[in-house]
Every structure is written in C-alpha cells, then in structure tokens.
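When reading the values below, keep in mind they use all heavy atoms of this one structure, side chains included, and skip hydrogens, waters and symmetry mates. One-based numbering along the sequence shown.
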Amino acid sequence: MCKNHGVSYIGPGQVEVLEIDYPKLALGDRKCEHGVILKIVATNICGSDQHMVRGRTTAEKGLVLGHEITGEVIELGRDVEFIKIGDLVSVPFNIACGRCPNCKKGLTGICLNVNGDRPGAAYGYVDMGGWIGGQAEYVMVPYADFNLLKFPDKDQAMEKILDLTMLSDILPTGFHGAVMAGVTAGSVVYIAGAGPVGLAAAASCQLLGAAVVIVGDLNEERLAHARTFGCETINLTNGIPVQEQIAMIVGIPEVDCFIDCVGFEASGHGDSAGKEMPAIVLNQAMAITRAGGQISIPGLYVTEDPGAQDEAAKQGSLKIRFGLGWAKSHSFHTGQTPVMKYHKQLMNAILFDKIDIAKAVNVEVISLQDAAKGYAAFDSGVAKKFVIDPHGLIV
C-alpha cells in the first residue's frame, strides 16, 4: 500500500506534514463506486486556509487542509463512466452530488447532499462536511463524472500546469467575483485586497473588458505586483480617503463595480491600519459604488469567529451601514463560487493564451515538506501564490 502525507492543522499558527491514511473509495462504511483516487500533481495554499490556521474558525486540530487540487486519476470506482485511469483533471473545491435541486440549477457551491450540517461542502475545510483535504500526495474525489474537469491533452496541460492548477478555486472565484459585480466592457472596477484572489479578480476583470481596474491594499509589495499587469493601485496606509484616490485616477469618486476580496479579517486604513475592522470593506463598498452598481463579495465571512475582538463579530454579526446600500439601490452577491459554472471556459482561456493567471497571482512552487514555510510566508503578506508539488512532477 502506498503511503500518504498531508498538511495538517495542529493549532493556531501551526501546520505540519504528517503521515495520513491512504485514501479509500469509501463513504463511511460503504464503497464509493462513483469516486476516484487521484495522485496529486499540484495543490495550492489558499487565503481561506489561513483563516483556519490563524485560529479564526472552529476548525478542529488534525484537519487535513487543502481544497485546490489538480491530479492524475489512478483508481476508479465501478460506476465511473467518463473519467479514465491516467486522466489529468482539475477538482472543483465545491463537492457536489450532481443530483440535488441545487446542483441541477448549477448551484454546486450549495449542494444539498454532501454535508450533513448545511448546504455546501469542500475538501479540507471547517464545517464543510468533514472531507479530507488535498494538500497531500493522494486524495479521494466522489461523484467523479460530475465533478472533474478533464484536460483534453495531458502533455499540453503539463506545459501550462501552473495556470491550470488555478482552475480548482482561485481563478473561478476571481472570475465569479467579477461577473457578480457586473464587470463588462468599459467598466471601472475597485477591488479590495491584492492577495491572490484580488489579483485573480483583477486579471478576470481585464479578461471581461474592464476599462480601469483599481486595486486597494495595505501591502505595497502586493500593489507593486498588481501594477505589473496593468492595474491601477491605491495604498490604504497613506491617509488619503479612498474616494479621493479614486477621483485622482478616474476623475470622479466612485466606481461601477466593487469586489471584496478581503473578507472578515479586514484591517483599518490610514491611522487605523493594523486595527481589526471586519466591516470596513463592506461599508467602503457602499460608499464608493455608484447608485445602481453591484457589489460582489468573494471574500470570506464566517458564521463564527472565535478570534474576533467583540462579541457580535464572534457570531459573525458586523456593523454595516446597510441603509446606504439600500438607498443607492446596490445589489449584493455573496457565497461560495460555483466552480463548474466557469472552469471549462476558463480552461480554454488558459489553453488559448487569453489569460496568464500564474503570472498575475505570482506563483511559486514549493515541495510538500515546505508547506509550513509556505503558510508562514503567505501569512506575512508576501505577494505570492504558493503551489505545492507533492511528487516533484512540475519542472
């Protein structure tokens, strides 16, 4: 039997690579005949993982992390018809049955059958069904025919693997954020956050034809990277109100579309930089988005935040100026990205050189054994997206 190793959450601020069980085609006590086992080719560290590692969720110690998975099929359940041994595939981070009413509507982020506690499931994530994560050497994927995106040419895919590994989450999430914000040809867009999701959203806005993409962040290294592929930037530490800085760029203090790629661990701006202010981005969105504009929120907001500084925020309750958004007829779009809605089209955009997503998010490849170092570097604010190569297959 092959050995398996995975990145495990040990406690706040700690992850370790431990030996874990080799995956089985099983769901509890019954055989998972609709599943496959993958040898993982690439798996990524996500900003969402950092919320757990920082101790800002109710994640239990020992959780095997990782929901951004690309791999080669090495074992099939009896009922898998359209995926074959040797196929190289992208795994949506949403686990979806393909049978429930939500899946049939394309709402795969809120499948009704894969999580006993609430709609929606994901690999290696707190409160998302208890599925084993993919920051490992091998992983089991259920409902394979429905979930998996097969790359049409394996050799071609390996040549672009650093781009294609972004299809499991970050690129569809950034693209979904742009679509739900109403980005189209000629749009003026503000993106809160220049982390990997914000950078993926920026590249997606450009793909959709936005005229101006403005990215705001507290980290100058990340902003400098955003400028390398044509973004305008706002440094939120300089004390100049965001509206004024937007006016300096586009002539008026408002935007058509707003994308929140920060989430609940938001920090204050200017003199308040470094002070936790979990509602600041949402309130900023309503202030600077034009009347009738759209606000998209791919940034994560949790139902419980044990590390929050006040009791309301610990229960996911934030002080937002919702009356302003109502008065301006804003529309708000939240929730997990339904990856399958976009991943085939985005695969084609990568394969036909319409988007250079690995460059946009500044990929760096690390080994599985260096995962803890990757987490530490990511959390320090480095302008990189870490891709874990468990088997040394990426040249």
Side-chain angles (χ1 to χ4, degrees), residues 1-28 32 35-71 74 91-95 114-117 120-142 165 168-170 196 265 300 302 304-307 364-380 382 384-394:
M1 178 65 69
C2 295
K3 289 186 177 180
N4 194 19
H5 295 85
V7 180
S8 299
Y9 171 61
I10 304 303
Q14 291 183 287
V15 297
E16 289 185 16
V17 178
L18 302 177
E19 185 168 338
I20 62 175
D21 290 339
Y22 186 83
K24 298 178 181 178
L25 287 175
L27 294 173
C32 181
V36 301
I37 292 175
L38 299 183
K39 178 180 180 179
I40 294 173
V41 172
T43 178
N44 313 330
I45 297 176
C46 179
S48 297
D49 298 323
Q50 292 287 9
H51 296 305
M52 293 183 289
V53 174
R54 293 186 193 114
R56 298 301 296 268
T57 72
T58 57
E60 295 183 358
K61 296 177 182 179
L63 176 68
V64 179
L65 301 168
H67 55 269
E68 300 189 24
I69 304 167
T70 305
I74 59 172
V91 184
F93 80 88
N94 324 106
I95 301 169
V114 288
N115 184 346
D117 297 322
Y123 303 91
Y125 210 85
V126 59
D127 298 329
M128 297 301 287
W131 298 85
I132 301 298
Q135 287 174 13
E137 294 170 293
Y138 303 91
V139 72
M140 195 278 282
V141 174
T165 190
S168 56
D169 178 1
I170 185 170
E265 286 194 70
L300 177 66
V302 293
E304 294 182 72
D305 175 10
E364 180 175 322
V365 179
I366 61 175
S367 69
L368 185 64
Q369 295 303 320
D370 284 336
K373 295 178 183 177
Y375 269 91
F378 192 112
D379 203 34
S380 72
V382 67
K384 292 184 182 294
K385 173 71 171 177
F386 290 100
V387 173
I388 298 172
D389 177 10
H391 295 282
L393 299 174
I394 301 173

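Annotation: the span from Tyr123 atom OH to Asn94 atom CG amounts to 9.0 Å, rounded to 0.5 Å. Rounded to the nearest 0.5 Å, atoms CG (Asn4) and CD1 (Ile20) are 4.0 Å apart. Here the CG-CZ distance, from Leu300 to Arg56, works out to 11.0 Å after rounding to the nearest 0.5 Å. If you take CD on Glu16 and OH on Tyr9, they are separated by 12.5 Å, rounding to the nearest 0.5 Å. Taking CD1 from Ile388 and CD1 from Ile69, the interatomic distance works out to 11.0 Å, rounded to the nearest 0.5 Å. Atom CD of residue Gln50 and atom CD of residue Glu265 lie 9.0 Å apart, to the nearest 0.5 angstrom.
Taking both residues in full, the closest heavy atoms of Thr165 and Ala42 are given as OG1-CB, 3.5 Å, listed atom of the first, atom of the second, then distance. In terms of heavy atoms, Leu25 sits closest to Ile37 at CD2-CG1, 4.0 Å. When every heavy atom of Gly66 is checked against every heavy atom of Asp49, the shortest pair comes out as N-OD1, 4.1 Å. Contact detail for Val41 and Pro390: the closest heavy-atom pair is O-CD, 3.7 Å. Contact record, Glu68 with Cys46: OE2-CB, 3.1 Å, taken as the closest heavy-atom pair. Minimum heavy-atom separation, Thr43 to Gly134: OG1-O, 3.1 Å.
A distance-only check finds no donor-acceptor pair linking the side chain of Glu304 to the backbone of Thr57 [under 3.5 Å]. Judged by distance alone, the side chain of Asp169 and the main-chain N or O of Phe93 form no donor-acceptor pair under 3.5 Å. Side-chain atoms of Asn115 come within 3.5 Å of backbone atoms of Asp127 as a donor-acceptor pair (strictly under, hydrogens ignored). Although no hydrogens or angles enter the test, the distance criterion places a donor-acceptor pair under 3.5 Å between the side chain of Lys385 and the main chain of Ile45.
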side-chain contact (heavy atoms from CB on, under 4.5 Å) between Asp379 and Val53: does it pass, once the steps are laid out? CA-CA 10 Å; Asp379 203 34; Val53 174; over 6 Å; no
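Using bins of under 30°, 30° to 60° and over 60° for the plane-to-plane angle, the ring pair Tyr138/Tyr22 lands in the tilted bin. Aromatic ring pairs are classed by plane angle as parallel below 30°, tilted from 30° to 60° and perpendicular above 60°; the pair Tyr125 and His67 is perpendicular.
By the side-chain hydrogen bond (donor to acceptor under 3.5 Å, both in side chains) test, Glu137 is found to be paired with His5, residues two or more places apart in sequence or in another chain being considered.
The number of heavy atoms from other shown groups lying within 6.0 Å of CD (Glu60) does not exceed 12.
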